[in-house]
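Working notes, structure below.
Below, chains carry the letters A, B, ... as their sequence lines are ordered, and counting in each starts from 1. Just the heavy atoms: all of them, side chains too, but no hydrogens, waters or symmetry mates, feed the values below.
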Amino acid sequence: MSGVGNPSIVTLTTDFGVSSRYVAAMKGVILSTAARHVEIVDLTHAIPPHDIRSAAVALAEAAPYFPSGTIHVVVVDPRVGTSRPIVYAKIGEQQFVAPDNGVLSRWAARQEPAKIVRINQPRFWRPRVSSTFHGRDILAPIAAHLASGVKPDELGVADVELMHLTWPEVRTVARNIEGEVVEIDSFGNLITNISRDSLAQVPRDESVTIHCDEHETHGIFSTYGDQPSMTLIALIGSGDCLELAIVEENASAMLGVRVGTPVRVSW
Amino acid sequence: MSGVGNPSIVTLTTDFGVSSRYVAAMKGVILSTAARHVEIVDLTHAIPPHDIRSAAVALAEAAPYFPSGTIHVVVVDPRVGTSRPIVYAKIGEQQFVAPDNGVLSRWAARQEPAKIVRINQPRFWRPRVSSTFHGRDILAPIAAHLASGVKPDELGVADVELMHLTWPEVRTVARNIEGEVVEIDSFGNLITNISRDSLAQVPRDESVTIHCDEHETHGIFSTYGDQPSMTLIALIGSGDCLELAIVEENASAMLGVRVGTPVRVSW
Amino acid sequence: MSGVGNPSIVTLTTDFGVSSRYVAAMKGVILSTAARHVEIVDLTHAIPPHDIRSAAVALAEAAPYFPSGTIHVVVVDPRVGTSRPIVYAKIGEQQFVAPDNGVLSRWAARQEPAKIVRINQPRFWRPRVSSTFHGRDILAPIAAHLASGVKPDELGVADVELMHLTWPEVRTVARNIEGEVVEIDSFGNLITNISRDSLAQVPRDESVTIHCDEHETHGIFSTYGDQPSMTLIALIGSGDCLELAIVEENASAMLGVRVGTPVRVSW
């Protein structure tokens with residue numbers, strides 16, 4: 001998708017809710033502003049209102065699959081209209097336009113941004129900027145200009161650091177790895193921050209126990225179908241992290257487990 | 001986006017529900033019928049079933065951001081298959097295809113339609129038309145033909161007036177402006193029909209009181225972040241109307257306020 | 001839409017939930033892999049988790065409206081990562097890539113597949129394939145390669161039969177037709193498996209009675225607006241099957257009727 005004539009790709013991540021007219025307004029502005037054909041893709045609009053951490057996780061998990069040069073616009077922005085800056089960042093092969101509120105910090109924790117620009121050139125914005133919808137009035141037109149060939153340096157001034165959120169760390173002590181649930185997917189699967197790499201020395205058989213709240217299961221399997229329906233199972237999920245699931249059921253709902261619940265692997 | 005080679009844009013507004021296969025069928029028909037590349041954008045599919053007024057508001061708020069010439073298809077059509085007409089309308093720089101049931105009347109209240117055509121030429125429809133899904137069988141193919149260069153006049157006969165719904169009016173009496181809540185957005189913010197223009201003479205400081213049901217707040221602020229979390233706040237929203245919000249919370253849920261609740265500004 | 005220069009169309013049907021980041025990852029992979037412009041359309045992502053039958057119905061109802069040659073990717077795959085095969089199938093003018101778990105069997109029941117290929121050529125997949133997300137790692141890249149001109153025969157080996165699910169049959173006995181509710185749409189309308197053809201000899205007037213659970217109604221009407229609000233009404237819906245609806249209300253919620261409820265037409 002990198003040849004001449006292929007459209008630039010812009011993704012949208014917001015907490016506006018599914019099928020929101022605010023998202024449509026942003027798409028309208030992008031299509032009105034771009035000088036060439038732009039392909040707009042919804043990354044997700046189901047981020048809980050104002051939940052910067054949840055948006056940071058969704059973005060870090062989905063952005064890497066997009067073509068090099070894709071422009072990811074993020075509008076989870078509880079401080080809209082205040083002095084919080086809006087930034088452009090190039091991190092890996094992906095480009096981002098977002099409020100600098102930590103929403104990029106999970107992805108940036110994996111690799112250093114190659115470029116950061118603090119946005120301050122109103123000539124690339126909508127002529128009248130509201131105080132409450134910078135997604136439509138600043139971020140959308142900036143994405144359209146980037147997609148049309150404007151250089152990031154034209155948008156503002158170079159900056160050196162993005163706002164940083166603290167992400168829960170995994171601790172390994174003797175034959176124990178301690179992490180936590182960082183995301184619950186739409187199937188109710190419990191996705192942890194314990195990576196495949198950190199499990200390199202851990203056996204996969206019944207001698208390993210995974211504890212989550214008061215629940216436990218033995219062994220690390222390959223996929224859901226390896227155990228019968230209704231079984232609590234541990235496996236390494238599609239994002240290369242340890243995941244707990246109940247086969248063909250919703251583990252979060254059945255176990256009452258939420259983001260932040262501690263998970264321990266012992267062997 | 002108006003150059004040769006750029007795709008025509010068609011937006012879809014329905015009450016079919018999010019991720020409905022009925023929407024997919026309409027997109028399939030548009031892509032099958034169009035003689036050139038069409039870009040389809042979802043405006044919203046989250047309109048409550050049969051809620052013409054809600055669709056009219058969403059359309060009036062989002063349509064203006066789209067490129068000139070965009071074709072907006074609206075299928076909120078409780079009287080589908082009866083004698084209610086289907087119309088094409090050009091209003092401002094935007095084009096619409098919709099049942100003539102008032103769904104265009106909020107946008108048309110702001111500016112006179114430049115052209116209205118009552119659709120009656122079946123050669124532009126699907127060969128077999130169902131009685132219950134004109135969105136797929138009439139409106140989608142018409143949008144595709146318009147996007148492919150068919151002229152509106154070919155679709156039917158000229159008409160002079162769209163069906164009119166009555167919209168709540170704002171009354172100004174002495175130092176009181178009385179309006180009402182006309183929309184609740186996905187954050188639970190309460191959007192009123194009191195425009196920025198009608199507030200031109202109103203102070204922004206603590207001397208102004210905004211009443212909504214039995215609740216009240218003082219002052220008109222610029223943005224949500226101007227007050228601490230959990231504060232009831234009044235501001236002029238991104239659609240240039242007075243809005244009530246609870247900072248970082250859902251005002252509609254917390255206050256039990258719905259569309260139609262009176263709002264009064266006094267100073 | 002079949003001329004040179006028009007994009008190939010890929011639709012997505014999943015049980016990932018609306019606005020899932022997993023869907024975005026699949027779109028990213030398709031756009032990253034395709035050698036030419038691909039138009040991606042969401043068919044639906046609102047399939048209940050693991051509900052193969054529901055996906056089969058949505059697919060059979062929506063796919064026929066897409067342009068000839070459209071590639072429909074289906075990821076409702078409770079046995080992901082086990083030995084269940086992934087297949088390519090050409091059925092009618094439409095192409096499909098799906099796990100061979102019966103999800104194609106409703107559409108295939110209407111017309112014999114013209115070609116079936118059992119996928120086994122990893123050179124068309126992502127270099128590293130997870131055990132839990134073949135949608136992203138196998139099906140998405142295959143769709144992108146097909147859209148870019150790879151021939152189905154290159155993807156694997158010819159097969160002769162798709163997995164078959166049993167679909168409820170309609171029985172006609174004397175002046176009785178017995179079927180059942182097979183789908184409930186987003187309006188709460190009850191869609192049955194009793195086709196327009198099977199009703200050819202049945203009168204439309206008050207002499208025909210339609211029974212559903214303990215409820216009954218008389219006559220088969222053209223459209224919802226033929227009866228007043230709140231009336232239980234029978235009609236032939238947009239998919240050419242008998243449908244029960246409550247005018248301007250949600251029949252499923254009001255009557256407590258679900259998929260599988262018997263429906264009988266007698267006259």
* Asked: In terms of heavy-atom pairs under 4.5 Å with chain B, which of C:Asp240, C:Ile236, C:Leu235, C:Thr13 leads?
  -> C:Asp240
* Relative to chain B, which of C:Asp185, C:Thr70, C:Val41 shows the most heavy atom pairs under 4.5 Å? -> C:Asp185
* To do: Could you check which of B:Ala140, B:Ser131, B:Gly17 has the highest count of heavy-atom pairs closer than 4.5 Å to chain C?
  => B:Ser131
Ignoring hydrogens, what is the shortest heavy-atom contact between [X] and [Y]? Give both atom names and the distance.
X        : Y       : value
B:Val38  : C:Glu39 : O-OE2, 4.3 Å
C:Ala62  : B:Ala24 : CB-CB, 4.4 Å
B:Arg126 : C:Tyr65 : NH2-CE2, 3.5 Å

* Asked: Rounded to the nearest 0.5 Å, how far does OG of B:Ser19 lie from CZ of C:Phe16?
  -> 12.0 Å
* Distance, nearest 0.5 Å, that separates OH of B:Tyr22 from OG of C:Ser238 -> 5.0 Å
Chain B contact residues among [range], heavy-atom distance under 4.5 Å:
range                       : result
residues 218-225 of chain C : C:Ser222, C:Thr223, C:Tyr224, C:Gly225
residues 44-60 of chain C   : C:Thr44, C:His45, C:Ala46, C:Ala58
residues 191-199 of chain C : C:Ile191, C:Arg196

* Contacting region of B:Asp137 [heavy-atom separation from chain C under 4.5 Å] -> neither
* Structure fact -> Cut-off 4.5 Å, heavy atoms of chain C, and the answer for B:Ser130 is side chain
* Asked: Does the B:Thr132 side chain pair with the main chain of C:Gly237, one donor and one acceptor, at a distance under 3.5 Å?
  -> no
* How would you list, in number order, the residues of residues 144-153 of chain B that have a heavy atom less than 4.5 Å from chain C? -> none
* Tell me, for C:Asn250 versus chain B, whether the close heavy atoms (under 4.5 Å) come from the side chain, the backbone, both or neither. => neither
* Asked: Less than 4.0 Å between a side-chain N and a carboxylate O, is that true for C:Glu183 and B:Arg21?
  -> yes
